[in-house]
Every structure is written in structure tokens, then in C-alpha cells.
Amino acid sequence: MSAPRPWNLVAELTYRCPLRCVYCSNPLDFARVSDALDAPAWCDVFEQAAGLGVVHVGLTGGEPSARRDLEEIVAGAARAELHAHLVTAGTPLSERRLEALAAAGLRSVQLSFQDVDRDASDRIAGRSFFEQKLDCARAVRRLGLPLTLNVVLHRHNLSRVREIIALARALDADRIELANVQLHGFALRNAEALLPSRAELDAASETVRDETLRSARPEILFVLPDWYRDRPKPCMGGLGARTLVIDPSGRVLPCHAAASLPGLEFWNVAHRSLREAWEDSPGMNAFRGEEWMQPPCRSCPERFRDQGGCRCQAFALTGDAAATDPACSLSPHHEVVLRAREGAERAHAVALRYRDATPG
Ligand code: SF4
Ligand code: SF4
């Protein structure tokens, strides 16, 4: 089938990060992936992406501000007329650096918070950076840049969702994304410790409804965990449909975790044009269309809506990347998810397992 037009580029500039979040979505073997693309190489990628129809680039990681050449990279995105959006943990990122990034063409910032409570935040991040995050948020607003807060929700912070929204209001954020934890990568290692109970989730949903009615600002996006929905989400709006991800090594992927899927060949912008890697690489085409689907997805009327769910979750939970996502109640492997939900109903203390410290 012919490849669709991509709209969004996720540029993973580095996997280095000073934090060690227990739900980090970077690959488990992130330490083996080096920063292979220098600033001119990223700028060339941005020009090629614009030629494909991309209009937005998320500069992410790891922590993108760990790159000393971030200003040059932002300027390259601006020259290619992409909306340059920085996805950051807020450190190492001084106000002076933010000013330089804004001058280079940065258009908006998404800042992650782990919690509204300092100690709880440190416990989830594995490091103490709460104050730096507050400083970063204030600096972003002083510079007049649009600010989104992103908070991953789980059983340790769901009860503080009202206070988290209040923090976003106090920081004058334009938007807050409350994303219930997706159990991939490091989060899957901590699934037992992170998955909330149904009652905790329902109470938080009710609070978010109240707060949304109370004020239009900030805009609140609340993403339910698919382990409680009985139907999976359409991963990335369909793999290889709208978004392309380039990892720090230059590999072109349909989602940030796809390199963990076995037997797939993805191409690298160091050796191929971005158009070739997007349109023709075997890995990018593996899950386009529906020929790859197995029963029950293959004949399911809902397959056009959710494309069978997340391939990485299917592989992590069944060992088969083409299987129906076990988050779906029609999956023959749905029992895995039901057992996890039952476990979440029992109050228990489980030790958290942290992402490794950043190498180098
Ligand atoms: S989730 Fe945490 S550890 Fe992972 S890149 Fe983001 S801030 Fe760093
Ligand atoms: S069977 Fe497959 S296509 Fe049907 S709802 Fe479940 S995941 Fe979606």
C-alpha cells in the first residue's frame, strides 16, 4: 500500500536524562543507543520532513536540553518552517537557555511533573528536581511561550489530581495532560506498583470532570489507561500513519518503542533518505493496512477504529507483535490484564524499580 502523509515528527535527540523515572518510556537498552546525529544532520532531517508534509516536530528524549547544540537544532526546525515544540523534564534548562531557544525559534514547551508533592515527586523520578521544574515553568511563561504540563498518573498520585490541576493553574499553564500510565518499557517492570484500582481511577475521573467544568483554563486532557477500557487505543493513530519517530541513532520508526519488536528492519537517515525510510522500509510497512492482522481483529468491525491496538503491548504481553492487544476484552490473552486489575484491588507495598542512571 502507498504510504500516507506524515504530519508529526518525534525527534528523540538523546536518551540521556538526569532523572530515573519508574515509568520511563525509553527503550530498556537505551544506554546502548548513542547520539549519532549532530545538529547539521538533524537540520537536514527537518528539511526532508517538511518535504514529506510534516508540520510539527517534538524535540524530545531522554532530556533534549542535555544536548549542547539544542539551539542550533531548534534553529534548523524553524528554518524548515516546522512548529518546534520542546518536551522537557525542565533540567538542565536555565532561563537564559530558554531565552536563547526562544530566539532560535522555539514555539512551545511541554514540561513534565511527577507529582505536586515534592517528596512523592522525588520518589517517582529517582532524583530531586522539583524546584527546578517550578523555575522552568515560570521562565517559560515569562518568555510568553505556550506551556503544557504533562503528568503521568498512577496509584501513587491519582488521589492528588485536584492539587495537580491547581498547580497547573498557579503556573498559568495553557494545557495539562493527565496521562494514566501506559504499562510499557520501565512501567511494565513496575506494573504491580503503578496500576491503580478501579475506585482510585473513578474518583480521579470525577475530580477531573469537576475541574473541567469549573474553568476552561488550563485545557485538561485526561487519558484513561487502556487496561481499564476493554478496548485498546489506536496506537499513534495507526502505526506508520501520521507520526514518524527518529531515535538518537537515526533509525526511523513508527513509534518510540517499535525498535523493541523482533525481526523488523528499520532504516536509518544516515544511509537512506527520510522519504525512503518512511515509505519503503520493511519495518515501517509491517503494520500498515490490515493484512497482518490475526483473528479476532481480522474480521472485527472495530478494526478500522483501533487497528488492533498497540503492537508493542501485544508483543510484551503475548510474545507475538501481530496478536490482538490483550487490553481488548476480545483478545484470547485478555486474562493477563484481568489478573493485573485484580492485583491492583489489593492494597500492597511493592518496591519501585528505577531506570538506570544516564551513562557518560
Ligand atoms: S520519563 Fe523521566 S527518566 Fe525518562 S526521559 Fe522522561 S524525565 Fe527522563
Ligand atoms: S478484536 Fe481487535 S479490532 Fe476488534 S476491538 Fe479488539 S483489538 Fe480492536
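Residues: numbered from 1 along the sequence shown.
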Enquirer: For Leu70 and Leu86, what are the C-alpha separation, side-chain angles and deciding distance, and is it a side-chain contact (heavy atoms from CB on, under 4.5 Å)?
Expert: CA-CA 10 Å; Leu70 184 57; Leu86 183 68; 4.0 Å; yes
Enquirer: Between atom OG of Ser249 and atom CD of Glu12, what is the distance when rounded to the nearest 0.5 Å?
Expert: 9.5 Å
Enquirer: Would you sort out whether Arg217 and Asp174 count as a salt bridge (Lys or Arg N to Asp or Glu O under 4.0 Å), showing the intermediate values?
Expert: CA-CA 7 Å; Arg217 192 172 166 82; Asp174 299 276; 3.0 Å; yes
Enquirer: Answer yes when Glu206 and Arg209 have at least one side-chain N-carboxylate O distance shorter than 4.0 Å, and no when they do not.
Expert: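 Yes, charged N to carboxylate O under 4.0 Å.
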Enquirer: Identify the two heavy atoms, one from Pro225 and one from Val181, that lie closest to each other, and give their separation to 0.1 Å.
Expert: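 Taking every non-hydrogen atom into account, CB-O, 4.3 Å.
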Enquirer: Pairing donors with acceptors under 3.5 angstrom, does anything connect the side chains of Asn8 and Arg242?
Expert: no
Enquirer: Tell me, with the steps shown, if Val151 and Ile176 meet side-chain contact (heavy atoms from CB on, under 4.5 Å).
Expert: CA-CA 8 Å; Val151 185; Ile176 179 165; 4.3 Å; yes
Enquirer: Heavy-atom distance under 4.5 Å between the side chains of Asp325 and Ser331, does that happen here?
Expert: no
Enquirer: Decide, yes or no, whether a salt bridge links Arg298 with Glu290 under the criterion of side-chain N to carboxylate O below 4.0 Å.
Expert: no
Enquirer: Salt-bridge test for Glu71 and Arg97: reply yes if a basic N is under 4.0 Å from a carboxylate O, no otherwise.
Expert: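 Yes, Glu71 and Arg97 are salt-bridged.
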Enquirer: Does Glu81 have more than 12 heavy atoms from other residues, nucleotides or ligands lying within 6.0 Å of its CD?
Expert: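 Incorrect, the count does not exceed 12.
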Enquirer: Look at the rings of Phe30 and Tyr15 and say which category their plane angle falls in: under 30° parallel, 30 to 60° tilted, over 60° perpendicular.
Expert: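 Aromatic pair Phe30/Tyr15 classed perpendicular.
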Enquirer: Regarding Ser128 and Asp122, do their side chains bring together a donor and an acceptor under 3.5 Å, going by distance alone?
Expert: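 Yes, because at least one side-chain N or O of Ser128 sits under 3.5 Å from a partner of the opposite role on Asp122.
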Enquirer: To the nearest 0.5 Å, what is the distance between OG on Ser197 and CZ on Arg155?
Expert: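 Separation between the atoms: 6.5 Å.
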Enquirer: Salt bridge or not for Arg162 and Glu211, using N-O below 4.0 Å?
Expert: yes
Enquirer: Does some side-chain heavy atom of Phe266 sit less than 4.5 Å from a side-chain heavy atom of Val252?
Expert: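 They are not in contact (no side-chain heavy atoms under 4.5 Å apart), so the answer is no.
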Enquirer: Can you tell me how far apart CG (Leu52) and CD (Glu47) are? Round to the nearest 0.5 Å.
Expert: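 Reported value, rounded in 0.5 Å steps: 12.0 Å.
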Enquirer: Tell me whether the NZ or CZ atom of Arg272 lies within the 45° cone about the ring axis of Trp267 and under 6.0 Å from its centre.
Expert: yes
Enquirer: Within this structure, what is the CG-CZ distance for the pair Leu98 and Arg138, rounded to the nearest 0.5 Å?
Expert: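 Going from CG on Leu98 over to CZ on Arg138, the span is 14.0 Å.
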Enquirer: Nearest 0.5 Å, please: how far is OG1 in Thr60 from NE2 in His256?
Expert: 9.5 Å
Enquirer: Any donor-acceptor pair under 3.5 Å linking the side-chain atoms of Asn157 with those of Arg160?
Expert: no
Enquirer: Between Arg96 and Glu99, is a salt bridge (Lys or Arg N to Asp or Glu O under 4.0 Å) present by the stated rule, with each step listed?
Expert: CA-CA 5 Å; Arg96 178 183 280 193; Glu99 264 176 56; over 6 Å; no
Enquirer: Could you walk me through whether Glu131 and Lys133 pass the salt bridge (Lys or Arg N to Asp or Glu O under 4.0 Å) check?
Expert: CA-CA 5 Å; Glu131 296 299 336; Lys133 285 172 181 285; over 6 Å; no
Enquirer: Tell me whether Arg341 is salt-bridged to Asp230, with the criterion being a basic N under 4.0 Å from an acidic carboxylate O.
Expert: yes
Enquirer: Can you give each donor-acceptor pair under 3.5 Å made by side-chain atoms of residues 32-40, sequence neighbours left out, with the distance rounded to 0.1 Å?
Expert:
unit_1	atom_1	unit_2	atom_2	d
Asp35	OD1	Thr14	OG1	3.0
Asp35	OD2	Thr14	OG1	3.0
Asp35	OD2	Arg16	NE	3.3
Asp35	OD2	Arg16	NH2	2.7
Asp38	OD1	Ala41	N	2.9

Enquirer: Checking Thr88 against Glu63: is there a side-chain donor and acceptor pair closer than 3.5 Å?
Expert: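 There is such a pair between these side chains.
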Enquirer: Side-chain contact test, heavy atoms from C-beta onward, threshold under 4.5 Å: evaluate it for Tyr354 versus Arg123 and give yes or no.
Expert: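 In contact.
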Enquirer: Please report the C-alpha distance between Arg142 and Glu95 in whole Å, then the side-chain angles of each, then the deciding distance to 0.1 Å, and finally whether the salt bridge (Lys or Arg N to Asp or Glu O under 4.0 Å) criterion is met.
Expert: CA-CA 9 Å; Arg142 270 197 295 276; Glu95 181 154 6; 2.7 Å; yes
Enquirer: Which pair of heavy atoms, one from Met284 and one from Ala277, lies closest together, and at what distance?
Expert: CB-O, 3.8 Å
Enquirer: Assess the side chains of His85 and Ser108: does a donor N or O sit below 3.5 Å from an acceptor N or O?
Expert: yes
Enquirer: Determine, step by step, whether Asp226 and Gln182 satisfy the side-chain contact (heavy atoms from CB on, under 4.5 Å) criterion, reporting the C-alpha distance in whole Å, the side-chain angles of both residues, the deciding distance to 0.1 Å, and the verdict.
Expert: CA-CA 8 Å; Asp226 55 5; Gln182 292 290 311; 3.7 Å; yes
Enquirer: As an exercise, state the distance from CZ of Arg355 to SG of Cys21, rounded to the nearest 0.5 Å.
Expert: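 With rounding to 0.5 Å, CZ (Arg355) is 8.0 Å from SG (Cys21).
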Enquirer: Does Arg339 qualify as a cation-pi partner of Trp227, given the criterion of NZ or CZ under 6.0 Å from the six-membered ring centre and within 45 degrees of its axis?
Expert: no
Enquirer: Any side-chain donor-acceptor pair under 3.5 Å between Thr318 and Asp320?
Expert: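 Side-chain D/A pair, Thr318 to Asp320: absent.
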Enquirer: Taking atom CH2 of Trp292 as the centre, does the number of heavy atoms from other residues, nucleotides or ligands within less than 6.0 Å exceed 12?
Expert: yes
